[in-house]
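Here the structure is a predicted model, which means the values were calculated and not measured.
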Amino acid sequence: MQVVTEKEIESAEPGTTLAVAPDALVTPLAEAAAQARNIGIVRHGPEAPSPTLIRQVARQVAARLQGAAPEVMEAVVAEVISALAVPAGAGSESVVPGVDFCAACLEQDRARARRRAVLTTTGKNQKGIAATVTARIAELGGDIIDISQTLVGDYFTMIIIVDTATLEVPFEDFRQAIESTIHEMGLQSMVMLEDVLTSLHRV
Amino acid sequence: MIFESDELRATLRMIEAEHLDIRAVTLGISLRDCPTDDLHTTCQRVFDKITRSGARLVSVAKEVQAEYGVPIVNKRISVTPIALIGEPTRASSYVPLGATLDRAARELGVDYIAGFSALVEKGMTPGDQVLIDSIPEALSTTDRVCSSVNVASTRAGINMDAIVRMGRVIKHLAERTADRGSIGCAKLVVFANIPDDNPFVAGAMHGLSEGDRVINVGVSGPGVILSAIRRLRESGRRIDLGDVAETIKRMAFKVTRAGELIGRQVAERLGDGVRFGIVDLSLAPTPAVGDSVAEILQALGLERAGAPGSTAALALITDAVKKGGVMASSSVGGLSGAFIPVSEDHAMVEAVACGALSLEKLEAMTAVCSVGLDMVAVPGDTSAETLSAIIADEMAIGVVNNKTTAVRILPLIGKSVGDRIHYGGLLGEAVVMPVSRFSSSEFVGLGGRIPAPIISLRN
């Protein structure tokens, strides 16, 4: 695997582009140097199938060929991947993913999908808090798994657990969007991945 | 599973108000596939291995930090002891290897890289000697390289010859960096029973028993424990030391859990064969107010760190931290205890300045906590023999008690007792402590090796 360091960037003319292998690693210093010298880093060459692509194909194949032997699934995935990723004429043997690799990709995918977020809203009570917050979650593609809301005197507290697998935006953007919605109503909020809370508080 | 609102509040409070953070995520990289018989080629291979393994470390750590909301303060690299990597070259100096480490660390955007190290607790090979002799130049001409030398172990005893050398090396290094407050010495640690998997720089290294690439995590959390103790004491209930231990255990549990979660995430996302190693659950202070081990001692009712009772209080804290951490994770390792680096802890600095904490009391305290005499400033005219004798004392505590101890001592050239030097950043501020004026040079000069201690008949 190619590693692009500051030295490679320095040997390129400012304002030009530097062609690197598709899976090349670019060090943080090289990235900063490229930016400072206005050098574009372009990845090119025979495209190796990305894990995302393999995952997508494997998922589709597994869904359509339920109960088929692993060898069959492996062969189908390999055929689809090589048709999609490798330009005609290039050797395809080296890039065909095995069944173990597909299974690992799927498992990783499932683990990410199991992730849930905890969202709290607290502050002075007013009309429509739950409606506004839940509407915003739905807009962003989140699915509410659990919700609890109490009122102590005039103090509003709501805890919502959201399934983040169906989010249409990255988690970071989801958090910012929800937090700004809640702050606009003059309330406090916290959005946190459930993992943090379970690991801190549950034995 | 719905959470209780006090659990949510507690989490938020720990992160926002009590400095719960991951102090260090350290990528340990084995360089055992790098040695050749040519120094230049070896340097090239070391540079390639480190940059290839660590290219994504900083970006992955930032990604995990953003997603989980738990700050990761330092991203660092540790490598196989360089004495082993340099030896086949038969070079007369390993300074080029030090420069290579520095260049690789700069390339990866990490502030420290540790492992310019040698393990000489029993004897020294030519490579070990070259490494030790290269330390003053290597550390004074680089910014990011940290060095450690293990001079003693419970199994091998104490290598006095190595300690004599280290006394001179420290003195020499202090002189070479005199214009920068002898800062070179802040990057050099002398160890007894060095751990293989310590994520905390400057004493980190990637031990010989480790895998190819490993993520080790150092959690911090003095702030979390300090405010838990304050809350306990302000609760109005009658409390005793048993309650204090219980509270510390609970908080250490949470802090360790957070560390393991983050470490496993970083290792998983780095992928490509990188394994998760250990969580080191040391209480590591920073110069920030409220993030201090000495303040914990004060919260327990000691007027200043170093007052009589400090050793007992520290023993309680260290033990409770370990018990909570071990319950939380099966991957506890490294140093795991409480650090009492003087310059890095503002309340320790104050304790030294007002005369509450002496070098001798500090040494006693190190018998019950990790790590040892850490970031201790002494007068610049302290002799190399006295430095060696101070190291030997600290090593004896580690060897006999079967624990890790270390010395990171700064003879501040041109400074005398009470003078201060401000380093800034995590290194904080050092106050020069008085050193015994009686000589040990004849004892140190005897050299040789103090035999390994007996493990039974423990009194």
Which atoms form the tightest heavy-atom contact between B:T11 and A:M192, and what is the distance?
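Looks like CG2-SD, 3.5 Å.
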A:P28 and B:A55: which non-hydrogen atoms are nearest, and at how many Å?
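Closest approach of A:P28 to B:A55, heavy atoms only: CD-O, 3.6 Å.
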B:E67: which of A:V196, A:D195, A:L193 passes side chain to side chain contact (heavy atoms under 4.5 Å, CB included)
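Result for side chain to side chain contact (heavy atoms under 4.5 Å, CB included) with B:E67: A:L193.
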Can you tell which part of B:R56 gets under 4.5 Å to a heavy atom of chain A, answering side chain, backbone, both or neither?
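For B:R56, side-chain heavy atoms alone lie under 4.5 Å from chain A.
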Contact origin within B:S59 toward chain A - heavy atom pairs under 4.5 Å
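B:S59 has no heavy atom closer than 4.5 Å to chain A.
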Would you say [X] has more than 12 foreign heavy atoms packed within less than 6.0 Å of its [atom1]?
X      : atom1 : answer
A:H183 : NE2   : yes
A:Q35  : CD    : no
B:M327 : CE    : no
B:R250 : CZ    : no

Who wins among B:L57, B:V70, B:L108 for the most heavy-atom pairs under 4.5 Å with chain A?
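Among the listed options, the one with the most contacts to chain A is B:L108.
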Just by distance, do the side chain of [X] and the backbone of [Y] share a donor-acceptor pair under 3.5 Å?
X      : Y      : result
B:E107 : A:E6   : yes
B:R106 : A:L29  : no
B:R257 : A:L200 : no

Best-contacting candidate, A:V3, A:T120, A:V191, A:T150, against chain B by heavy atom pairs under 4.5 angstrom
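Max contact count across the listed options: A:V3.
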Can you say whether A:E172 sits under 4.5 Å from chain B via the side chain, the backbone, both, or neither, judging by heavy atoms?
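Just the side chain, heavy atoms under 4.5 Å.
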